[in-house]
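All remarks here apply to the structure that follows.
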Amino acid sequence: MEVDEAIFTRRSIRRFTADPISDAQLSQLLTAAQWAPSAGNHQPWRFVIVRDAGTRAALQRIAEEAHALSAHWDPEFREPTPVGRPHDFTRTPVVIAVIADPARGGPHIHGETTHLVGAALAAQNMWLLAHAQGLGAVFLTHVIEEKVKVLLGIPYDWDLAGLLALGYPDEVAESTRKPLDEIVSYDRFGQVEVPRRRSARRAS
């Protein structure tokens, strides 16, 4: 699969078959993450691979609790849609916790979140390669971070960027995107018209 095809056809897959993911495939995905860009090449990401059924069941309980809390305030989480249902970790062959070390984000100004940006890029590398190889994936952030960190033994001062759920797809997912003219500005935020290019004068 070409890179542009992988980008334009990738979708969030939430339902998987029971087919296992091989160690060789998993190693390829982690190598793709290893080569993601990061500020100062500090590579702030680390990964916890979750295959154990008991641990995935515990993740499921945390996801359901997070969903119940969100549904209390947000009606969207009460609807029978993918957003309105907690992810089923018990039917997910592999879960990769993507974590990031704030100490490796870079000492430059406004470097407080660069470790999370790097971790997200690493997750995207895995996601695109997984899709190109026929796997499905979804990157989940709707959990109770502190409880996941305790469950997986993640250090207190590290951040959980998200949980990448992986497996062979058991659904055909569709998705839409906003048109470019709703998300692109020129030269200043909110300026939607393309500036006219000035023709260069010839030197006399």
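Basis for what follows: all heavy atoms, side chains included, without hydrogens, waters or symmetry-related copies. Since we're looking at a predicted model, the values are computed, not measured.
To the nearest 0.5 Å, the span separating CG on Leu29 from CD on Gln34 amounts to 12.5 Å.
For Ser27, there are no side-chain hydrogen bond (donor to acceptor under 3.5 Å, both in side chains) partners, not counting sequence neighbours.
Counting non-hydrogen atoms of neighbouring residues, nucleotides and ligands closer than 6.0 angstrom, the CD atom of Glu193 reaches no more than 12 such neighbours. Under a cut-off of 6.0 angstrom, the local environment of CZ in Arg11 is crowded, with over 12 non-hydrogen atoms contributed by other residues, nucleotides or ligands.
Minimum heavy-atom separation, Ala33 to Trp45: O-CZ2, 3.6 Å. Of all heavy-atom pairs spanning Thr90 and Arg56, the tightest one is O-NH1, 3.0 Å.
Although no hydrogens or angles enter the test, the distance criterion places no donor-acceptor pair under 3.5 Å between the side chain of Arg46 and the main chain of Ile99. Of the possible polar contacts, one joining the Arg78 side chain to the His72 backbone as a donor-acceptor pair under 3.5 Å is found. Listed for the Lys147 side chain is no donor-acceptor partner under 3.5 Å among the backbone atoms of Arg61. One N or O on the side chain of Thr92 and one on the backbone of Asp88 form a donor-acceptor pair closer than 3.5 Å. In this structure a side-chain-to-backbone donor-acceptor pair under 3.5 Å is missing from Asp159 to Ala161.
The only option from Ile96, Thr31, Leu26, Leu135 that meets the side-chain contact (heavy atoms from CB on, under 4.5 Å) definition with Met126 turns out to be Ile96.
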Extract all donor-acceptor atom pairs below 3.5 Å that involve side chains of residues 165-173 and protein atoms in other chains or at least two apart in sequence.
unit_1: Tyr168; atom_1: OH; unit_2: Gln25; atom_2: OE1; d: 3.2
unit_1: Tyr168; atom_1: OH; unit_2: Gln25; atom_2: NE2; d: 3.3
unit_1: Glu171; atom_1: OE2; unit_2: Arg14; atom_2: N; d: 2.6
unit_1: Glu171; atom_1: OE2; unit_2: Arg15; atom_2: N; d: 3.2

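Linking Ile, Leu, Val, Met, Phe, Trp and Tyr residues whenever their side-chain heavy atoms come within less than 4.5 Å leaves Phe139 and Val117 in two separate clusters.
Below 30°, between 30° and 60°, or above 60°: for His67 and Phe77 the angle between ring planes is above 60°, a perpendicular geometry.
The list of ring pair (Phe, Tyr, Trp, His ring centres under 6.0 Å) pairs with a residue in residues 85-107, not counting sequence neighbours, reads His87-Phe89.
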